[in-house]
There are 2 protein chains.
Amino acid sequence: MQERVQGRIQARSDTKAQIQDAALASFGTAGYDGTSLDDLARGLGIRKQTILYHFVSKRGLLNAVVDRCAGDLTGAMDEVLSGADRDWDRVEALVRRVFRVALEQPVMLGLLREVSRPGSPGAQRLRTHMEPMMARARVWIEGEMAAGRMRRADAQLLLISAYSTVVGVATETEVLRAAGIEPTLRPVVQRRRELLNFLRSSLDPRD
Amino acid sequence: MQERVQGRIQARSDTKAQIQDAALASFGTAGYDGTSLDDLARGLGIRKQTILYHFVSKRGLLNAVVDRCAGDLTGAMDEVLSGADRDWDRVEALVRRVFRVALEQPVMLGLLREVSRPGSPGAQRLRTHMEPMMARARVWIEGEMAAGRMRRADAQLLLISAYSTVVGVATETEVLRAAGIEPTLRPVVQRRRELLNFLRSSLDPRD
DNA sequence: AAGGGTCTTTACCAGTTGGTAGAGAGACGG
DNA sequence: CCGTCTCTCTACCAACTGGTAAAGACCCTT
């Protein structure tokens, strides 16, 4: 009301993005049910109805937030998949890239955690993003196996194991914070190393 | 109303315990905010006010549930700590015992997950249970280290790593379920093995 | 200057939330 | 038979929930 007198063209995208940012943080920390649109709006200095104008409903807001995060993630993965790395190097690059995103945007981990719970309103939405990504990865891996560039293994189980490791990092970060320990990079890096070791011993033919 | 005409002495503990069981399940799956006392009561065929009679408030109910679970866990750990196992064997027995409790009462894992989130209403309560337990374990481990029966390592970091592994199992089980995979023992057993390997390589002097 | 589009607001609503007050039912000891 | 204790109920409430309707403010185009 005070400073928003500025030009509308800037404010247009601004407000919407700000709402999304605040929602991401709140959903990730307080949870979906624990987030009220009034509180969210109050925190931004706007009215709840402004939120409902940009995102039709609370559920729509959650979906938008999930979509954006999933977009960030798939975008990062696409970069790697269209890169020069091949065979095992590509797997390693993929893991490192995903962990980098997670580390750079820690709020995303909170949302991932919230939305991973089955029965969560966002679980279904997340699934629609994850499933094609997982299927694609699975096809690629199985192709590599068939071509003899990777050792034979249960690709699906491997992928799920990798996925749950990432979600596990989300949980771990918060457990650490709850234990009063300032979240550092160390445990995350350790998890990444463990995951890479696991994948290497399962897939790398040079092993 | 129909069958509860039976003697009151039985009903007394019965109702309270049933409320606690249902609350444990609901808090663990739908979350604290996602659980309404009305729904909870309806599921039990009683009125919400009956719940509020036995547990003063919703928060009180959560605390009671957390207390009971923490009691189960500390009780199990006490059994091991007063048992015959020594040195490394005791560590292994402890891990196996905790995992056994988690496997036998999977609903507890859901609650643990919900309540591990910092900012969750139950986080504080959980902490009051966990902190003395952790402190006690730490003192013991450091004593063993000083006596040369275990290799020197950062005891606190080790404990937190172990703790977050258990919480990770809670998350993983739900991720698997969300992925459409019937939760089996396998990943849990694998996590236990990984944890034991990690602890052994950190602590066991015979290694 | 006027009309239309975009955005944010005020006003309002029905349903649900956790919680309080108090009555009624049954068991038990006197 | 009566009072008391334990338990569960009905009745009610203020606060808050997500959501609707519509008016006002601002910009751009004509």
Side-chain angles (χ1 to χ4, degrees), chain A residues 1-24 26-27 29-66 114 120-122 124-125, chain B residues 1-24 26-27 29-66 114 120-122 124-125:
Chain A
M1 204 186 284
Q2 310 87 322
E3 76 291 350
R4 226 174 316 97
V5 189
Q6 287 288 76
R8 283 306 163 111
I9 295 131
Q10 188 195 0
R12 179 182 308 189
S13 54
D14 233 36
T15 311
K16 189 164 181 174
Q18 278 174 12
I19 294 172
Q20 226 162 340
D21 288 344
L24 170 58
S26 183
F27 287 154
T29 55
Y32 178 77
D33 289 315
T35 298
S36 95
L37 295 182
D38 277 307
D39 288 348
L40 212 54
R42 201 173 307 129
L44 289 165
I46 61 174
R47 257 26 75 188
K48 159 176 63 176
Q49 288 71 14
T50 305
I51 299 179
L52 288 170
Y53 168 78
H54 289 285
F55 310 89
V56 189
S57 64
K58 189 186 183 184
R59 188 68 178 265
L61 175 58
L62 174 65
N63 284 341
V65 170
V66 170
E114 162 74 8
S120 149
Q124 194 182 343
R125 192 75 170 200
Chain B
M1 207 188 282
Q2 309 87 326
E3 76 293 349
R4 227 174 317 95
V5 188
Q6 285 289 76
R8 282 305 163 112
I9 296 133
Q10 187 197 359
R12 179 181 309 187
S13 54
D14 232 38
T15 310
K16 190 164 182 177
Q18 278 175 12
I19 294 171
Q20 227 162 342
D21 288 343
L24 169 58
S26 183
F27 288 153
T29 54
Y32 178 78
D33 288 315
T35 298
S36 97
L37 295 183
D38 277 307
D39 289 348
L40 212 53
R42 201 174 307 129
L44 290 165
I46 60 174
R47 254 31 70 190
K48 158 177 63 174
Q49 287 69 15
T50 304
I51 298 179
L52 288 170
Y53 168 77
H54 288 285
F55 310 89
V56 189
S57 65
K58 188 186 184 184
R59 189 69 178 262
L61 175 59
L62 174 66
N63 285 341
V65 169
V66 171
E114 163 73 8
S120 150
Q124 194 182 343
R125 191 75 171 201

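Proteins come first, then strands; the chains are lettered A, B, ... in the order of their sequence lines, and each starts at number 1.
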Counting primed atoms, P, OP1 and OP2 as sugar-phosphate and everything else as base, the B/S/- map of nucleotides 13-18 of chain C against protein heavy atoms under 4.0 Å is ----SB
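- In this structure, of D/dT8, D/dC9, C/dT9, it is D/dC9 that holds the atom nearest to the side chain of B/Arg47.
- Regarding contacts with the backbone of D/dC9, a side-chain N or O of B/Thr50 is found under 4.0 angstrom from either OP1 or OP2.
- Applying the side chain to side chain contact (heavy atoms under 4.5 Å, CB included) criterion to A/Thr50, with sequence neighbours excluded, gives A/Thr15, A/Ile46, A/Arg47, A/His54.
- The side-chain tip of A/Lys16 points at the ring of A/Phe55 from less than 6.0 angstrom away and within 45° of straight on.
- When the side-chain nitrogen and oxygen atoms of A/His54 are compared with OP1 and OP2 of C/dT6, none of them lie within a distance under 4.0 Å.
- Contact annotation: B/Thr15 side-chain N/O to D/dT8 OP1/OP2 distance is under 4.0 Å.
- Comparing A/Tyr53 and A/Gln49 along DNA chain C, the residue whose closest nucleotide (by nearest heavy atom) sits nearer the 5' end is A/Tyr53.
- Following rounding to the nearest Å, B/Ile51 (CD1) and D/dC9 (C1') show an atom-to-atom distance of 13 Å.
- A/Asp14 has its CG atom 15 Å from the C1' atom of C/dT6, to the nearest Å.
- Take A/Asp33 and apply the side chain to side chain contact (heavy atoms under 4.5 Å, CB included) test, not counting sequence neighbours, and it matches B/Asp33.
- Put simply, CZ on B/Phe55 is 15 Å from C1' on D/dT8, counting in whole angstrom units.
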